[in-house]
Protein chains: 2
Amino acid sequence: MNAAGELILERGYDGFALRPVAERIGYSATTIYLHFADKDALIAAVIDEGFGRFLRALQAVDTPDPLGRIADLGRAYVRFGLENRVYYQLMFMQRPDLLNVGSREHQRERTGTFEILVDAVQRALDAGALRPDDPVDYSRVLWAAVHGIVALAVKLPRFDDTTVARTTELMLDLLNRGIER
Amino acid sequence: MNAAGELILERGYDGFALRPVAERIGYSATTIYLHFADKDALIAAVIDEGFGRFLRALQAVDTPDPLGRIADLGRAYVRFGLENRVYYQLMFMQRPDLLNVGSREHQRERTGTFEILVDAVQRALDAGALRPDDPVDYSRVLWAAVHGIVALAVKLPRFDDTTVARTTELMLDLLNRGIER
DNA sequence: TTATCTTAGTGAACTATGTTAACAAGCCGA
DNA sequence: TCGGCTTGTTAACATAGTTCACTAAGATAA
């Protein structure tokens with residue numbers, strides 16, 4: 001799985017092949033099939049690892065102020081995407097079709113990340129910081145917003161780090177300003 | 001190019017191969033290499049066609065009200081992405097690395113789409129509808145916002161049409177409300 | 001008219017890929 | 001000790017992208 005992640009990073013998802021993985025770990029290509037059903041299963045395992053890290057990255061956000069917490073979750077989301085491009089692309093851009101397989105544990109890890117966001121929005125609602133609205137709707141908007149930034153940054157070189165930072169801050173500022181009561 | 005677009009739609013980008021393209025148009029596979037340098041060149045040609053359609057879709061927006069025009073551009077963007085999933089994914093998600101090649105004409109078609117958005121924001125600024133800010137920064141935020149929606153909708157089946165519509169409306173409402181002076 | 005060049009096309013072949021089949025060696029409980 | 005499970009292997013197959021050598025038909029120039 002480590003070698004797979006490395007090789008996807010080095011050669012891109014399209015250029016990723018099993019034989020180089022085997023070569024790097026010093027085994028023959030067919031040995032991979034003793035541990036994973038097929039290429040997709042190996043990628044799915046890498047994705048699961050990514051969701052574990054993603055969940056921990058979001059759980060690390062502990063801003064008390066309700067509105068500030070939403071913004072900090074957005075910042076943590078963008079940071080994770082930029083610092084874990086391989087994981088992020090596999091999880092949300094390249095192979096989200098592999099999201100429906102996996103153990104219950106992994107399923108929960110995945111839904112858990114979105115719930116963190118919805119909870120934060122609900123908390124802000126309860127605190128009277130937001131105009132009343134469906135927290136899930138607003139969470140989807142936030143998700144799409146930060147995903148858009150990461151997705152563009154990961155694919156388009158002209159979205160460099162400072163551009164991403166400026167876009168993120170302006171985006172979160174406008175959204176929070178737009179929903180503030 | 002038509003057959004290529006069809007086959008990418010039918011079998012997905014990963015399952016897209018040249019021999020079926022040749023078979024569909026009644027030629028041998030090698031004939032494709034008489035007209036395109038390689039597989040990427042064929043895909044690049046499809047992408048150029050997509051940008052032409054994309055530009056025309058945005059040019060068709062003629063809302064006079066400055067703030068309304070920005071929102072309608074966002075709606076047109078999302079609509080184009082959903083109605084042209086193959087083009088959209090190739091252009092912005094799968095192979096944006098093929099964006100730097102092509103004729104001057106095609107280059108201009110691509111930059112032109114973003115300029116339409118920047119112009120609309122500048123117009124709203126001039127009309128005094130926005131808080132003063134860099135129009136390019138705000139345009140990037142808008143772009144990332146609608147791209148995020150389309151990117152999630154195209155990849156995740158749970159983002160159905162009504163969810164997309166609600167998310168789009170809430171997103172545009174919050175962003176415009178956030179920047180309104 | 002004839003010789004040559006260009007254009008449009010073909011099938012065979014090479015390499016790389018995902019994947020399966022058949023087989024071998026070591027470990028481990030009965 | 002023996003049979004089965006685990007962990008490997010090599011050989012092989014089908015499908016990819018791509019290159020090569022070749023053919024046939026027009027266009028063109030002498």
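Convention: sequence-line order gives letters A, B, ...; per-chain numbering from 1. No hydrogens, no waters, no symmetry mates; every other heavy atom, side chains included, goes into these values.
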Novice: Could you tell me whether the side chain of B:Thr31 and the main chain of B:Tyr27 form a donor-acceptor pair under 3.5 Å?
Specialist: no
Novice: Regarding A:Arg177 and A:Glu180, does a basic nitrogen lie under 4.0 Å from an acidic carboxylate oxygen?
Specialist: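 Salt bridge absent between A:Arg177 and A:Glu180.
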Novice: With a 4.0 Å cut-off on heavy atoms, is A:Tyr33 in touch with a base, just the backbone sugar-phosphate, or nothing at all?
Specialist: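 Base, at least one base heavy atom under 4.0 Å.
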Novice: Are the side chains of A:Met171 and A:Leu175 in touch, meaning some heavy atoms are under 4.5 Å apart?
Specialist: yes
Novice: Assess whether one donor atom and one acceptor atom, taken from the side chain of B:Thr30 and the base of C:dG11, lie less than 3.5 Å apart.
Specialist: yes
Novice: Got a salt bridge between A:Arg24 and A:Glu10, using NZ or NE/NH1/NH2 to carboxylate O under 4.0 Å?
Specialist: yes
Novice: Taking only residues at least two apart or on different chains, which pairs with a member in residues 56-68 of chain B satisfy side chain to side chain donor-acceptor pair (under 3.5 Å)?
Specialist: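 Every pair satisfying side chain to side chain donor-acceptor pair (under 3.5 Å) with a residue in residues 56-68 of chain B: B:Thr63-B:Asp72.
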Novice: When you look at A:Phe92 and A:Phe51, which way does the ring pair (Phe, Tyr, Trp, His ring centres under 6.0 Å) test go after all the steps?
Specialist: CA-CA 10 Å; A:Phe92 294 119; A:Phe51 266 102; 5.6 Å; yes
Novice: Taking B:Asp161's backbone N and O only, do any of them form a donor-acceptor pair with B:Arg166's side chain (distance below 3.5 Å, no angle check)?
Specialist: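 Side chain of B:Arg166 to backbone of B:Asp161: no pair is present.
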Novice: Side-chain donor-acceptor contacts of residues 142-155 of chain B below 3.5 Å, not counting sequence neighbours, with atom names and distances?
Specialist:
unit_1	atom_1	unit_2	atom_2	d
B:Trp143	NE1	B:Tyr77	OH	3.0
B:His147	ND1	B:Tyr88	OH	2.6
B:Lys155	NZ	A:Met93	O	3.2
B:Lys155	NZ	B:Gln89	OE1	3.4

Novice: Which residues, if any, of residues 35-50 of chain A bring a heavy atom under 4.0 Å of DNA chain C?
Specialist: A:Asp38, A:Lys39
Novice: Which two nucleotides bound the region of DNA chain D that has atoms under 4.0 Å from heavy atoms of chain A, read 5' to 3'?
Specialist: D:dT7 to D:dA12
Novice: Below 4.0 angstrom, N of the basic side chain to O of the carboxylate: do B:Arg53 and B:Glu49 qualify?
Specialist: yes
Novice: What parts of residues 2-26 of chain A reach DNA chain C, counting only heavy atoms under 4.0 Å away?
Specialist: A:Phe16, A:Ala17, A:Leu18, A:Arg19
Novice: Tell me which pairs pass salt bridge (Lys or Arg N to Asp or Glu O under 4.0 Å) where either residue lies in residues 34-45 of chain B, with sequence neighbours left out.
Specialist: B:Asp40-B:Arg95
